[in-house]
Amino acid sequence: MKYLIVGLGNKGEEYAETRHNIGFKIAEKVAETLEVPFKSSNFGLLAEGKYKGRKVFILKPDTYMNLSGNAVKFWIQKENIPLENVMIITDDLALPFGTLRMKMKGSDAGHNGLKSIQEQLQTQNYPRLRFGISAEFSEGKQVDYVLGKWEGEEKEKLPERIEKFSKACLSFVFAGIQNTMTTFNGK
């Protein structure tokens, strides 16, 4: 069985520590756990490994957020990975900081990365893992907030939250989405 874990983010050093790049951070932790390096490949950086006998591809698209769907579609087709074995990791303004929410399907909720994936795959029916970044910004400052760096208490709690999300990704690979949602959602 093959799985594709996709961490959404933007390439470039200026985005590395921003809220919008939490998908990259979680993907990096999954690769670190599996002890596999990222290598430059089509549409991004790709790590390949095994987890409990299952082949796992971990992708950090280099298409920028708004074109993430191109990378996701390419790797699903290239490796012939069933949609139910794909996990998209993204930030979510509607959830309190660090809240974990895994779903089997859903809308893009205004997230440009998810919009791109939906357009390319022609469906909303793919698993996603949302990392709550909260909405602590004033009117008209959403972009600045999302592309802003973690601060204070968030920065302190981030390593533990990334670890938890990484474990949820690997649980998805081994135990399936239903069991993983029961174990991790809201935690």
Side-chain angles (χ1 to χ4, degrees), residues 4-49 56-79 86-95 97-100 108-121 126-138 140-166 168-169:
L4 176 64
I5 296 172
V6 182
L8 297 186
N10 286 311
K11 65 181 178 178
E13 205 50 45
E14 68 270 30
Y15 299 110
E17 301 302 321
T18 65
R19 292 176 182 91
H20 217 26
N21 270 36
I22 191 62
F24 278 12
K25 292 293 185 192
I26 296 165
E28 289 163 4
K29 185 65 176 177
V30 173
E32 178 186 309
T33 302
L34 298 183
E35 298 178 347
V36 293
F38 281 97
K39 297 177 183 168
S40 187
S41 194
N42 295 45
F43 291 103
L45 297 173
L46 187 74
E48 297 179 42
V56 181
F57 296 90
I58 307 154
L59 177 65
K60 296 190 322 181
D62 66 1
T63 55
Y64 289 104
M65 190 68 76
N66 297 354
L67 298 173
S68 298
N70 296 335
V72 173
K73 183 177 179 180
F74 175 85
W75 285 103
I76 286 173
Q77 290 177 341
K78 183 178 188 316
E79 293 298 330
V86 176
M87 177 60 66
I88 307 297
I89 310 164
T90 186
D91 58 303
D92 191 326
L93 285 165
L95 298 173
F97 169 78
T99 301
L100 186 152
D108 59 51
H111 192 284
N112 290 330
L114 296 179
K115 264 185 207 165
S116 173
I117 292 166
Q118 182 179 316
E119 287 170 8
Q120 289 298 316
L121 300 182
Y126 56 86
R128 74 270 323 266
L129 177 58
R130 294 179 186 242
F131 186 105
I133 63 171
S134 73
E136 302 295 321
F137 56 89
S138 53
K141 298 292 184 185
Q142 179 175 331
V143 172
D144 293 338
Y145 179 77
V146 169
L147 295 178
K149 296 187 185 317
W150 301 101
E151 297 174 359
E153 196 176 325
E154 291 176 336
K155 198 171 186 176
E156 288 175 28
K157 293 181 177 181
L158 205 53
E160 181 274 328
R161 299 315 301 155
I162 289 171
E163 177 74 28
K164 174 80 77 182
F165 276 73
S166 171
C169 288

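For reference, positions follow the sequence shown, starting with 1.
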Just so I know, are the side chains of [X] and [Y] near enough to count as touching, which here means a heavy-atom distance under 4.5 Å?
{"X": "Q142", "Y": "L93", "result": "yes"}
{"X": "V56", "Y": "V36", "result": "no"}
{"X": "L158", "Y": "F131", "result": "yes"}
{"X": "K11", "Y": "D62", "result": "yes"}

*Could you check whether the rings of H20 and H111 sit parallel, tilted or perpendicular, using 30° and 60° as the cut-offs?*
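Plane angle between 30° and 60°, so tilted.
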*Search all heavy atoms of W150 against all heavy atoms of E154 and return the closest pair with its distance.*
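The pair with the smallest heavy-atom distance is CE3-OE1, 3.5 Å.
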[X] side chain to [Y] main-chain N or O, any donor-acceptor pair under 3.5 Å?
{"X": "W75", "Y": "N42", "result": "yes"}
{"X": "N112", "Y": "M65", "result": "no"}
{"X": "T18", "Y": "L147", "result": "no"}
{"X": "Y145", "Y": "I133", "result": "yes"}
{"X": "D92", "Y": "G132", "result": "no"}

Working to the nearest 0.5 Å, report the span between [atom1] of [X] and [atom2] of [Y].
{"X": "F74", "Y": "L59", "atom1": "CZ", "atom2": "CG", "value": "10.0 Å"}
{"X": "F43", "Y": "L67", "atom1": "CZ", "atom2": "CG", "value": "9.5 Å"}
{"X": "L100", "Y": "K164", "atom1": "CG", "atom2": "NZ", "value": "8.5 Å"}
{"X": "S134", "Y": "L95", "atom1": "OG", "atom2": "CG", "value": "9.5 Å"}
{"X": "S68", "Y": "N10", "atom1": "OG", "atom2": "CG", "value": "7.5 Å"}
{"X": "K73", "Y": "L121", "atom1": "NZ", "atom2": "CG", "value": "7.5 Å"}

*Just jot down the salt bridge (Lys or Arg N to Asp or Glu O under 4.0 Å) partners of E136, sequence neighbours excluded, or say none.*
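Scan of E136 (salt bridge (Lys or Arg N to Asp or Glu O under 4.0 Å), adjacent residues dropped) gives none.
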Using a 6.0 Å cut-off, check whether atom [atom1] of [X] has over 12 heavy atoms from anything other than its own residue.
{"X": "K149", "atom1": "NZ", "result": "yes"}
{"X": "E160", "atom1": "CD", "result": "yes"}
{"X": "E14", "atom1": "CD", "result": "yes"}

*asked:* Just to verify, which of L129, L114, I22 counts as forming a side chain to side chain contact (heavy atoms under 4.5 Å, CB included) with T90?
replied: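 Among the candidates, only L114 passes.
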*For A109, what residues pass the side chain to side chain contact (heavy atoms under 4.5 Å, CB included) criterion, not counting sequence neighbours?*
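Per chain and number, A109 pairs via side chain to side chain contact (heavy atoms under 4.5 Å, CB included) with S107, R130.
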*List the steps and the verdict of side-chain contact (heavy atoms from CB on, under 4.5 Å) for L45 and S40.*
CA-CA 5 Å; L45 297 173; S40 187; 4.2 Å; yes
*asked:* Distance to the ring centre below 6.0 angstrom and angle to the axis at most 45 degrees; does that hold for R161 and F165?
replied: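 Relative to the ring axis of F165, which defines the angle, R161 lies outside at least one limit.
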Solution key, residues 26-34 side-chain donor-acceptor pairs under 3.5 Å, sequence neighbours excluded:
unit_1 : atom_1 : unit_2 : atom_2 : d
E28    : OE2    : K60    : NZ     : 2.7
K29    : NZ     : E32    : OE2    : 3.1
K29    : NZ     : E163   : OE1    : 3.3
T33    : OG1    : K29    : O      : 2.8

